[in-house]
Amino acid sequence: MTNNIKKGKFLTFEGIDGAGKSTHIAYVAELLRQHGKQVISSREPGGTALGEKLRELLLQEKMHLETEALLMFAVRREHIAQVIEPALERGDWVISDRFSDASFAYQGGGRKLALDKLNALEQWVHPDLQPDMTLLFDVPLEVARARLDATRELDKFEQEKTDFFAGTRAEYLRRAAEFPERFRIIDSTRPIPEIRAHLDTLIAQLCADADPL
Ligand code: TMP
């Protein structure tokens, strides 16, 4: 399926752990519903029954960095086949809490897996599908760290050191510069009402582009 024959729109949320993206997903889903859209909200790794089982392993077990990348894309293949493509074909809008940009940022920027391997996996798993809009919630590392330290038990990724997140954030920002047509950077240090106002504008614009008068 290519982006030009699908009927719904595909939105992804990205950012390093502690960037605060999760707070805003329900808000955006509700905004879209107010714009009259049917919305499916999902996440990666996960999104399907099999994907949620693999998520447990991915977030807890240590493994070779290539195993980790392959599993992330295996989860994604299932997610696309079972959830994303059928929803887009129905004309629903899909929000995914993370997608392939996270593999480039975490396995590439964080773990230093060669980007050509990630590009090959992306070409295999979704050669014709890209998000219509990717919201990148960006914060300095120390802000993200403070938020993580103030929260619950940390998973395998959240326990990573500053160097890992420096690489992750840098790769997210590099991709945002490479694909400016779909990335929107949200300054996640701003107060929630200000971020919501920014989201209101972005979503109104996307809906207007989707349904021109
Ligand atoms: P979450 O905490 O946003 O639910 O994401 C789960 C973790 O999985 C997060 O630390 C980022 C990581 N991750 C990757 O390393 N590669 C990927 O491709 C995806 C989707 C997530």
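Atoms within each ligand, like the ligands themselves, are counted from 1 in listed order. As the structure is a prediction and not an experimental result, all values here were calculated from the model. Along the sequence shown, the residues carry numbers beginning at 1.
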Are His24 and Phe13 an aromatic pair, judged by ring center distance below 6.0 Å? no

Select the closest option to atom 17 (C) of ligand 1 among Met72, Glu14, Lys21, Glu160, judged by heavy-atom distance. Met72

ILVMFWY cluster, Leu136 and Leu141 together (side-chain gap under 4.5 Å): yes

Out of all atoms in ligand 1, which are within 4.0 Å of some heavy atom of Ala102? Include the element for each. 16 (N), 17 (C), 18 (O), 19 (C), 20 (C)

For atom 10 (O) of ligand 1, find the nearest protein heavy atom and state the residue, atom name and distance (0.1 Å precision). Asp17 OD2, 2.9 Å

Give yes if a backbone or side-chain nitrogen or oxygen of Arg98 is under 3.5 Å from a nitrogen or oxygen of ligand 1, and no if not. yes

Regarding Arg169 and the six-membered ring of Tyr172, is the cationic atom NZ or CZ under 6.0 Å from the ring centre and inside 45° of its axis? no

Take every heavy atom of Lys156, measure it against each atom of ligand 1, and state whether any distance is under 4.0 Å. no

Within the 3.5 Å criterion, strictly below it, is a donor on Ser42 or Ser96 matched to an acceptor on the partner's side chain? no

Within the structure, does Glu68 bring an N/O atom to less than 3.5 angstrom of an N/O atom in ligand 1? no

If we ignore angles and hydrogens, is there a donor and acceptor under 3.5 Å between the side chains of Ser103 and Arg98? no

Quiz question: by atom type and distance under 3.5 Å, do the side chains of Tyr27 and Asp200 form a donor-acceptor pair? yes

Heteroatom distance test (Glu44, ligand 1): nitrogen or oxygen, under 3.5 angstrom: no

Do Glu122 and Gln130 get their side chains close enough for a donor-acceptor pair, meaning under 3.5 Å? yes

Tell me which one of Gln159, Arg76, Arg111, Arg55 gets a heavy atom nearest to atom 20 (C) of ligand 1. Arg76

Can you tell which part of Ala105 has a heavy atom less than 4.0 Å from ligand 1: side chain, backbone, both or neither? neither

Taking the six-membered ring where the residue is Trp, are the ring centres of His126 and Phe99 under 6.0 Å apart? yes

So, is Gln107 polar-close to ligand 1, with some N/O to N/O distance under 3.5 Å? yes

Ranked by distance from atom 18 (O) of ligand 1, the top protein heavy atom is Ser103 OG, 2.5 Å

